[in-house]
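Note: hydrogens, waters and symmetry copies are ignored here, and every other heavy atom, side chains too, is used.
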Amino acid sequence: MTEDIKKACEVMQEGGIILYPTDTIWGIGCDATNEEAVQRVYELKRRADNKAMLVLMDSTAKLQMYVSDIPDIAWDLIEVADKPLTIIYSNAKNLAKNLLADDGSVGIRITNEEFSRKLCERFRKPLVSTSANVSGELSPANFTEVSDVIKNGVDYIVGYRQDDMSKAQPSNIIKLGAGGLIQVIR
């Protein structure tokens with residue numbers, strides 16, 4: 001695992017994109033502050049860049065660096081979540097502009113899974129985490145379901161957990177709006 005994390009960080013620091021296991025499904029990742037790397041992910045997924053991708057972080061302490069105003073309810077939701085939870089926040093900052101939704105919002109998930117958490121810790125920046133599939137195709141539940149198009153389009157494939165055949169699920173997604181409004185997306 002340590003060597004995978006080291007190599008993945010080196011690739012992302014050079015603007016590359018990776019295929020890696022997350023706290024949910026296998027994902028395509030890159031430096032969430034690098035617009036060119038983010039654009040490469042959109043191209044690989046054959047996805048319009050007006051469809052925002054989410055960001056993975058290892059700690060709630062980093063949230064304030066990337067979100068201008070964090071509603072109090074967000075802290076409670078993160079604390080009580082018993083499975084991976086992506087929260088869409090308004091007023092994102094310090095992230096690649098092409099990563100954000102048209103309204104300036106961004107989905108962020110704090111990961112507790114060992115590999116993705118250690119990867120985020122070592123990289124010291126948020127990571128893009130989008131499902132490892134071409135847009136419109138089913139999300140892969142494990143590594144064996146990732147298409148060759150995706151495998152051939154990334155700069156590094158993490159070896160860790162490739163043999164894990166469990167069927168992972170995507171995260172729940174909640175959007176926080178003005179006045180404490182909570183909208184369940186997924």
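To the nearest 0.5 Å, atoms CD (E121) and CZ (R117) are separated by 5.0 Å. The structure places OG1 of T2 at 8.5 Å from CZ of R122, a figure rounded to the nearest 0.5 Å. Distance check: L77 CG to I182 CD1 gives 5.0 Å after rounding to the nearest 0.5 Å. Residue R109 holds its CZ atom at 12.0 Å from CE of M57, rounded to the nearest 0.5 Å. In this structure, K45 NZ and R40 CZ are separated by 15.0 Å, a value rounded to the nearest 0.5 Å. Atom-to-atom distance recorded for L138:CG and S147:OG is 11.5 Å, nearest 0.5 angstrom.
Annotation: side chain of T33 is not in contact with side chain of N94 (no heavy-atom distance under 4.5 Å). Contact annotation: the side chain of F143 approaches that of L19 to within less than 4.5 Å [non-hydrogen atoms, C-beta and beyond]. Proximity of M165 to T144: side-chain heavy atoms (C-beta onward) are separated by under 4.5 Å at one or more points. The shortest side-chain heavy-atom distance between Q13 and F123 falls under the 4.5 Å cut-off. In this structure the side chain of C9 never reaches within 4.5 angstrom of the side chain of R124, judged on heavy atoms. Side-chain contact between Y160 and E3 is absent, with no heavy-atom pair separated by less than 4.5 Å. Under the 4.5 Å side-chain criterion, counting only non-hydrogen atoms from C-beta, Q169 is not in contact with I25. Residues V38 and N98 meet the side-chain proximity criterion, which asks for heavy atoms closer than 4.5 Å.
By the rule that hydrophobic residues join a cluster once side-chain heavy atoms approach within less than 4.5 Å of another member, I87 and I185 end up as members of separate clusters. Hydrophobic clustering of Ile, Leu, Val, Met, Phe, Trp and Tyr side chains at less than 4.5 Å, counting indirect connections, unites V128 with V134. Linking ILVMFWY side-chain heavy atoms closer than 4.5 Å, directly or via other members, places V41 and I157 in a single hydrophobic cluster. Both M12 and Y156 sit in one connected hydrophobic cluster of ILVMFWY residues. Membership requires side-chain heavy atoms under 4.5 Å apart, directly or through other members. One hydrophobic cluster, built from ILVMFWY side chains closer than 4.5 Å, holds both V55 and M53.
Side-chain atoms of D155 come within 3.5 Å of backbone atoms of I17 as a donor-acceptor pair (strictly under, hydrogens ignored). Within the 3.5 Å criterion, the main-chain N or O of I110 finds no donor-acceptor partner in the side chain of K62. E145 contributes a side-chain N or O that, together with a main-chain N or O of A141, makes up a donor-acceptor pair within less than 3.5 Å. Remark: side-chain polar atoms of N142 are not paired, donor with acceptor, to backbone N or O of D164 under 3.5 angstrom. Side-chain atoms of S166 do not come within 3.5 Å of backbone N or O of A168 as any donor-acceptor pair. In terms of modelled atom types and a separation under 3.5 Å, the side chain of D4 and the main chain of G159 share a donor-acceptor contact. S131 contributes no side-chain N or O that, together with a main-chain N or O of N133, makes up a donor-acceptor pair within less than 3.5 Å. With hydrogens and angles disregarded, a donor-acceptor distance shorter than 3.5 Å links the side chain of R186 to the backbone of S171. Side-chain N or O atoms of R161 include one that pairs as donor or acceptor with a backbone N or O of T22 at under 3.5 Å.
The two residues W26 and V158 come nearest to each other via the heavy atoms CH2-O, 3.5 Å. Between F115 and I5 the shortest heavy-atom distance is CE1-CG1, 3.5 Å. When all heavy atoms of P71 and Y89 are compared, the closest pair comes out as CD-CD2, 4.4 Å. Looking at every heavy atom in both residues, P21 comes nearest to E113 through O-OE1, 4.2 Å. Of all non-hydrogen atoms in A101 and A52, the two that sit nearest each other are N-CB, 3.6 Å. For S105 against A92, the heavy-atom pair with the smallest separation is C-CB, 4.5 Å.
Side-chain contact, K175 with S90: no donor N or O sits under 3.5 Å from an acceptor N or O.
The neighbour count for K6 NZ, taken as heavy atoms of other residues, nucleotides or ligands under 6.0 Å away, does not exceed 12. The number of heavy atoms from other shown groups lying within 6.0 Å of CG (N152) is above 12. Residue Q64 places its CD atom among 12 or fewer non-hydrogen atoms of other residues, nucleotides or ligands, all under 6.0 Å distant.
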- [ ] Check the pair V67, K93 against side-chain contact (heavy atoms from CB on, under 4.5 Å), reporting the backbone distance first and the verdict last.
- [x] CA-CA 6 Å; V67 179; K93 62 182 181 178; over 6 Å; no
- [ ] Could you walk me through whether L176 and I73 pass side-chain contact (heavy atoms from CB on, under 4.5 Å), step by step?
- [x] CA-CA 8 Å; L176 300 181; I73 188 70; 3.9 Å; yes
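Screening T24, D23, T86 against L56 for a side-chain contact (heavy atoms from CB on, under 4.5 Å) leaves a single residue, D23. Partner I108 forms a side-chain contact (heavy atoms from CB on, under 4.5 Å) with one of I88, L63, T60, L54 and no other, that one being L63.
The side-chain tip of K125 does not point at the ring of Y66 from less than 6.0 angstrom away and within 45° of straight on.
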